[in-house]
Student: 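This is the structure I have questions about; it appears just below.
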Protein chains: 2
Amino acid sequence: MKKDSTLPPPTLERLARLYVLLGKLQNLGLQAISSKRLSELLGVPDHTIRKDLSFLKEGQGIEPFAEKEKAGVGKPGSGVGRGYPLESLRLLIGARLGLTHPRTACLVGLGNLGVAILNRRIWQEGVYRLVAAFDLSENRLELLSTKIPLYHARELERVVRNYRIEIGILTVPPEAAQETADRLVHAGIRGIINFAPVVLTVKSNRVVVRNVSLAGELNILSAYLYQQEEETHG
Amino acid sequence: MKKDSTLPPPTLERLARLYVLLGKLQNLGLQAISSKRLSELLGVPDHTIRKDLSFLKEGQGIEPFAEKEKAGVGKPGSGVGRGYPLESLRLLIGARLGLTHPRTACLVGLGNLGVAILNRRIWQEGVYRLVAAFDLSENRLELLSTKIPLYHARELERVVRNYRIEIGILTVPPEAAQETADRLVHAGIRGIINFAPVVLTVKSNRVVVRNVSLAGELNILSAYLYQQEEETHG
DNA sequence: CAATAATTGTGAAAAATTTCACAGTAAGGA
DNA sequence: TCCTTACTGTGAAATTTTTCACAATTATTG
Ligand SMILES: NC(=O)c1ccc[n+]([C@@H]2O[C@H](COP(=O)([O-])OP(=O)(O)OC[C@H]3O[C@@H](n4cnc5c(N)ncnc54)[C@H](O)[C@@H]3O)[C@@H](O)[C@H]2O)c1
Ligand SMILES: NC(=O)c1ccc[n+]([C@@H]2O[C@H](COP(=O)([O-])OP(=O)(O)OC[C@H]3O[C@@H](n4cnc5c(N)ncnc54)[C@H](O)[C@@H]3O)[C@@H](O)[C@H]2O)c1
């Protein structure tokens, strides 16, 4: 009963980002692209990209479809139109990562960061549906003009349950982050993207948490810079 | 001439985040903590944490200090005060990652997101010095009240060079991101944290780029949720 | 003071991931 | 038609990273 549908985490994360890139390249009018070019754009070696892409083939059909197994994802050979066809590659990745049916999301905390996220174009693209945004301040709620439905934070549980919201984006002050996360989890959220500089404790191992930490990024960046410095000066 | 100062990237990134967590625990008044507890807080297995921490010992002193090599980073045994002493552990990690001397940073783009970052408490803590923030809009610059020095974007190169700014945080609209990155690199920046939904092309392999991508995070989260769903339903 | 309990540190084994190297493929000339 | 060129796809090797298992350590309890 071994589920072979799970991708290696590094592959999953690279594909998720590749998916974003492919969308942008399509908007540029491109038709196909080589692993070499993707490698330059993504900063990932080309053979790693090809290997990642090789995971897409596995569960493509239903089962032992037998005949003409050969069809790869990309087109070998030189000249135009060779490489990976943008559209079908994007479709395949989307299917493999479950990015085909839209997910519902909500945003909690409409301060500067929250509003920045509210304004993102991504909500107009149809893949992610921002169906609610919450804040504690009535004032704030009245001032904002947006098509996204706004609610007072006291409505959180009710709205999350009602709309079966899957993903919560947390942009509240650090003091309020843990409590808000608890409420989201309690209301049945399935994933949280946490922007607050706090280490969330989420008991349920069903809930996926991703942290976006400026301090973390700064430290990682600094550490890489430091290693560079060490190499150079000795 | 093998440089053994480079940490495995996963270890480096975990230590960088652990460093942030340790600061918070210290503020809570804690003195020491076990790898087991850290494991719960960080979502990383305890043996991985111990292994990561074991890298700290290597270059601790100057060189072959010989005598009493034994001293580990943490204190074994049960009872209070056992585990890793917060303060010294944090110091050690800081030293190993080069987080001891302050780094200079600048922020480009003072829209909603930029202002959110401008307001972060991290700039008051002394480890990172936000020495300049830029925007194109004179109006915007006049309206903002902050202790951080604000400049018009045309001053970018001059200011970055003058203050030898090491890290640039990019919060401009997507259309302006590549150009701004080019200017930062040209002015001698060493690292970029890019918040714009754009794939930056940076020729110099000296410059470290970290992308913070909401779309990427959403896709990764969705893909994990999808894998969960597959497991469950079969 | 001896036994207990909780904890670190680490070499070695296992597992995961990346890299390699090259056979196979097809477009676009020559 | 036959090279040449620029690709993909992949099994196997190499490398990296994680996991394991347990000896060593020490506060605390009985
Ligand atoms: N990770 C990053 O890159 C990053 C960048 C900037 C800011 N941040 C963090 O994001 C958070 C928001 O930053 P900001 O500048 O927008 O802050 P802000 O103070 O401007 O906004 C916070 C908003 O949350 C609302 N709020 C407070 N408690 C609430 C609750 N319990 N429920 C719902 N809403 C509540 C407030 O009314 C306010 O509108 C902070 O925690 C900040 O540290 C993270
Ligand atoms: N990664 C994330 O999590 C995340 C979240 C929210 C927003 N974003 C992105 O961050 C960026 C900023 O978002 P925002 O809501 O603050 O946008 P915004 O439009 O409110 O602000 C952009 C600011 O940049 C300034 N600007 C424009 N061109 C510039 C230039 N060449 N040099 C200097 N300044 C310039 C504008 O005057 C404006 O003040 C956008 O690209 C947005 O997509 C990312």
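Keep in mind that what you see is a predicted model, and the values were worked out from it rather than measured. Both backbone and side-chain heavy atoms feed into the values below; hydrogens, waters and symmetry mates do not. Lettering of chains follows the sequences in order, A, B, ..., and the numbering in each one begins at 1.
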Student: Under 3.5 Å, is there any donor-acceptor pair linking the side chain of B/Lys51 to the base of C/dG11?
Tutor: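 In this structure, the two groups form a donor-acceptor pair.
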Student: May I have the distance from B/Phe55 (atom CZ) to D/dT17 (atom P), rounded to whole angstrom?
Tutor: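 Between P of D/dT17 and CZ of B/Phe55: 8 Å.
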Student: Tell me, yes or no, whether the heavy-atom count around B/Glu125 atom CD, taken from other residues, nucleotides or ligands under 6.0 Å, exceeds 12.
Tutor: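 Result for CD/B/Glu125: enclosed.
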Student: Nearest to the side chain of B/Pro10 - C/dG9, C/dT8, D/dT17?
Tutor: D/dT17
Student: What does B/Lys36 touch in the nucleic acid at a heavy-atom separation under 4.0 angstrom: a base, only the sugar-phosphate, or nothing?
Tutor: nothing
Student: Is any side-chain nitrogen or oxygen of A/Ser35 closer than 4.0 Å to OP1 or OP2 of D/dT8?
Tutor: yes
Student: What's the closest nucleotide to the B/Pro76 side chain, out of D/dG9, D/dA24, D/dT18?
Tutor: D/dA24
Student: For residues B/Glu87 and B/Gln26, determine if any side-chain heavy atom of one lies less than 4.5 Å from a side-chain heavy atom of the other.
Tutor: yes
Student: Heavy-atom nearest nucleotide on DNA chain C for A/Val80 versus B/Arg50: which residue maps closer to 5'?
Tutor: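 Result of the comparison: B/Arg50.
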Student: Is any NZ, NE, NH1 or NH2 atom of the basic residue among B/Lys36 and B/Asp46 found under 4.0 Å from an Asp or Glu carboxylate oxygen of the other?
Tutor: no
Student: From CG of A/Asp46 over to P of D/dG9, roughly how many Å is that when rounded to an integer?
Tutor: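 Rounded to the whole Å, the gap is 13 Å.
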Student: A/Ile49 CD1 to D/dT8 C1': how many Å, rounded?
Tutor: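 Distance, rounded to whole Å: 13 Å.
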Student: C/dT8 C1' sits how many Å from B/Arg37 CZ, rounded?
Tutor: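 Roughly 18 Å, once rounded to whole Å.
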Student: Mind checking A/Thr11 for me? I need base, sugar-phosphate or nothing, with any heavy atom below 4.0 Å counting as a touch.
Tutor: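 Nothing: the residue A/Thr11, judged by heavy atoms under 4.0 Å, touches no strand.
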Student: At less than 4.0 Å, is any side-chain N or O atom of B/Tyr84 found next to OP1 or OP2 of C/dA6? Yes or no.
Tutor: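 For B/Tyr84, the contact criterion (side-chain N or O under 4.0 Å from OP1 or OP2 of C/dA6) is not met.
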Student: State, yes or no, whether a side-chain contact exists between A/Ser34 and A/Tyr84 at a heavy-atom distance under 4.5 Å.
Tutor: no
Student: Ignoring the backbone of A/Thr48, work out which of C/dT19, C/dT8, C/dT10 is nearest its side chain.
Tutor: C/dT19
Student: With sugar-phosphate meaning primed atoms plus P, OP1 and OP2, does A/Arg82 contact a base, only sugar-phosphate, or nothing at under 4.0 Å between heavy atoms?
Tutor: sugar-phosphate
Student: Rounded to whole angstroms, how far apart are CD on B/Glu13 and C1' on D/dT18?
Tutor: 16 Å
Student: In whole Å, what is the span from the CD atom of A/Glu40 to the C1' atom of D/dA6?
Tutor: 14 Å
Student: Using a 4.5 Å cut-off on heavy atoms from C-beta on, say whether the side chain of A/Ile167 contacts that of A/Ile189.
Tutor: no
Student: In terms of side-chain heavy atoms of A/Lys57, which of D/dT19, D/dT10, C/dG9 is nearest?
Tutor: D/dT10
Student: Just compare C/dT19, D/dT10, C/dT10 and give me whichever is closest to any side-chain atom of A/Pro45.
Tutor: C/dT19
Student: So which of A/Leu42, A/Ile49, A/Thr48 actually passes side-chain contact (heavy atoms from CB on, under 4.5 Å) with A/Arg14?
Tutor: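 Answer after filtering A/Leu42, A/Ile49, A/Thr48: A/Thr48.
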Student: Which part of the nucleic acid does B/Arg14 contact within heavy-atom distance under 4.0 Å: base, sugar-phosphate only, or nothing?
Tutor: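 Here B/Arg14 touches the backbone only, sparing every base.
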Student: Rounding to a whole Å, what distance do you find between A/Asp52:CG and C/dT17:C1'?
Tutor: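 Roughly 10 Å, once rounded to whole Å.
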Student: For the side chain of B/His47, counting heavy atoms from C-beta on, which of D/dT17, D/dC20, C/dG9 is nearest?
Tutor: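 Given the options D/dT17, D/dC20, C/dG9, the side chain of B/His47 is closest to D/dC20.
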Student: Roughly how many Å is it from CG in B/Leu89 to C1' in C/dT8, rounded to a whole number?
Tutor: 12 Å
